[in-house]
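So that the names make sense, note that chain A is the first sequence line, chain B the second, and so on, each numbered from 1.
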There are 2 protein chains.
Amino acid sequence: MLKEERLRTILNEVELHNRILLTDIAETLEVSIDTVRRDVKELDANKKLKKVHGGAVALGFITNNTRNTNIYALDEKIKIAEKALTLIKNGAVIFIDGGTTCLELARLISMDSELTCFTISLPVAVELSSKPNIKVIFIGGQISKDAHIAIGANTIHNLSEIKVDYSFIGTGYVDSQYGLTEFDWDIVQLKKAVIKAAKKTVLLCISEKLNSQHRYKTCDLKEINTMITELNADNSLLKSFKSHDVILL
Amino acid sequence: MLKEERLRTILNEVELHNRILLTDIAETLEVSIDTVRRDVKELDANKKLKKVHGGAVALGFITNNTRNTNIYALDEKIKIAEKALTLIKNGAVIFIDGGTTCLELARLISMDSELTCFTISLPVAVELSSKPNIKVIFIGGQISKDAHIAIGANTIHNLSEIKVDYSFIGTGYVDSQYGLTEFDWDIVQLKKAVIKAAKKTVLLCISEKLNSQHRYKTCDLKEINTMITELNADNSLLKSFKSHDVILL
DNA sequence: ACATGTTTTGCAGTTTTATGCAATATTATT
DNA sequence: AATAATATTGCATAAAACTGCAAAACATGT
């Protein structure tokens, strides 16, 4: 049996069962345990699986554990969040919006950084509150069942009384002509308040949402100071945004 | 079974039930208690959960009282919460405090019940927001790192503008003579506001806290309409509360 | 076909890791 | 204070991982 076949077989087994024992593989492939060990080591080095004591497990087996939902385009969102993170200086006062991309940003903030973070998002607040040096202020309100954020008049009123250095927000839809739009009227009111409460607004937006629009308008593009999206976003999509300050990965 | 699988199983159990007993895990996984202990220790070191005497609790499942990291008391807390649940009628407007006992109450509320719930506790809000028919209103404020509740002047101000049917609260210490007391002055101010915001206040309190007191006073016992504690609480402890309206299990 | 160098494989000895057990210490509970 | 439950520690054993080495398999150039 060729080595390549063995590697393929091992990987298949791991992906099928999420885990394998080296002894089992050695037996079924009729090679020595040392050979299997070397193979698995190689696969591990190539990030195909994770080698553990006594066997190997599929990559997704270890990670993703604390994440309860499967997030669409997670990799892209993490990259965007990483870029956004570079804007945050120690000691800053920021606002972090709801949505999965913003949640990734909250996740990425290091334990050591000292920040004051306002948020309306329950998951973001939970994530941040475990970081000892982050002062977390939750803007209260009724919690929406779908987005898990505080909404309503009281939330908007509270937002009107603060001014943060940076506001990191998401949007439902964004288009060079129509600006930022949403499906939900209440969300629009909220986002308007968020933008008003910020010296600078940073839009975190996967390319999927570029050049799409909906019924209710949050703001024009010119009110957004920085937009972060993927580099691989279709150039034709991006050129219409070029007149504005767009950071790409 | 691979060690990796065990770690994952333990983590899953913790996240599912918020708490586990080492003895239970050892039995289900068919390994020695020492092994489980080592595993949990490792998970704790990796910040995946928090190890406590006799077991482990999920992160985010935080007590507001360091004295009380004992997971055995949880059974009692659940019983107390179950009793408290009987007071909640459909359509009611209630407030639920922070702390593990109140969190248990939030967990027990059924998916079908229609309620309006105010809270200052992040874990309670997270728990309730998954229930479709509960209107959850989070009273905003700065999130305290230890208790994971909103505190501060804004929180207290917001509380001053609401009136709920029932307020379910916990306390650090309770004594027939000194009433409800706390270790923390800010918490006292908050609890005063909570009591003021309620038509009726229900104290959820494990017997461990009976006849203990601390520096700062929240209120007299007579301001509490109902106190719920365990039946097995020492009778001598309870008789001094008899002049008040005390519900026992 | 042959020699040479490289890669792969299995083996033996050694080191590391995982696990359970027992003795002791610490922590809850009464 | 006494008792029970849980933690910690050191140790023994077994399994697994690592290391160096030599034989086998393979590739390559002549």
Does a side-chain N or O of [X] approach OP1 or OP2 of [N] to a distance below 4.0 Å, or not?
| X | N | result |
| --- | --- | --- |
| A:Lys51 | D:dA17 | yes |
| B:Arg37 | C:dG20 | no |
| B:Arg6 | C:dT19 | yes |

Whole angstrom is fine here: how far is it from [atom1] in [X] over to [atom2] in [N]?
| X | N | atom1 | atom2 | answer |
| --- | --- | --- | --- | --- |
| B:Lys3 | C:dG20 | NZ | P | 13 Å |
| B:Glu42 | C:dA18 | CD | C1' | 11 Å |
| B:Met1 | C:dT19 | CE | P | 11 Å |
| B:Asp39 | C:dG20 | CG | P | 10 Å |
| B:Ile33 | D:dA4 | CD1 | P | 18 Å |
| B:Leu7 | C:dT19 | CG | C1' | 14 Å |
| A:Leu22 | D:dC18 | CG | C1' | 13 Å |
| B:Glu5 | C:dT19 | CD | P | 11 Å |

side-chain contact (heavy atoms from CB on, under 4.5 Å) partners for [X], two or more places apart:
| X | result |
| --- | --- |
| A:Lys48 | A:Leu11, A:Leu43, A:Asn46 |
| A:Ala92 | A:Ile94, A:Leu115, A:Asp165 |
| A:Lys89 | none |

When B:Phe118 is tested against each of B:Ile139, B:Val136, B:Val124, B:Ile96 for side chain to side chain contact (heavy atoms under 4.5 Å, CB included), which residue passes?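 That would be B:Ile139; it is the only one of B:Ile139, B:Val136, B:Val124, B:Ile96 passing the side chain to side chain contact (heavy atoms under 4.5 Å, CB included) with B:Phe118.
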Sequence-distant partners of [X], side-chain hydrogen bond (donor to acceptor under 3.5 Å, both in side chains), two or more places apart:
| X | value |
| --- | --- |
| A:Gln142 | none |
| B:Gln213 | none |
| A:Glu27 | none |

Global bending angle along the helix from C:dA1-D:dT30 to C:dT30-D:dA1, which compares the axes of five pairs at either end, to 10 degrees: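 Computed from the C1' atoms at both ends, the axes differ by 40°.
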Keeping to residues at least two apart or across chains, list the ring-ring contact (aromatic ring centres under 6.0 Å, His included) pairs with something in residues 122-142 of chain A. A:Phe138-B:Phe138
Polar-atom pairs under 3.5 Å, protein N or O versus N or O of nucleotides 21-25 of chain C: list them with distances, or write none.
residue : atom : partner : partner atom : Å
C:dC21  : N4   : B:Asp34 : OD2          : 3.3

Non-neighbouring partners of B:Phe183 that pass ring pair (Phe, Tyr, Trp, His ring centres under 6.0 Å), sequence neighbours left out: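 Only B:His214 meet the ring pair (Phe, Tyr, Trp, His ring centres under 6.0 Å) criterion with B:Phe183.
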Sequence neighbours excluded - salt bridge (Lys or Arg N to Asp or Glu O under 4.0 Å) pairs with any residue from residues 124-134 of chain A: A:Arg107-A:Glu127
For nucleotides 14-16 of chain C, list the nitrogen or oxygen atoms of the protein found under 3.5 Å from its nitrogen or oxygen atoms, one pair per line.
none

Quick check on side-chain hydrogen bond (donor to acceptor under 3.5 Å, both in side chains): which of B:Thr171, B:Asp97, B:Thr218 does B:Lys191 satisfy it with?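 Answer to the side-chain hydrogen bond (donor to acceptor under 3.5 Å, both in side chains) test with B:Lys191 among B:Thr171, B:Asp97, B:Thr218: B:Asp97.
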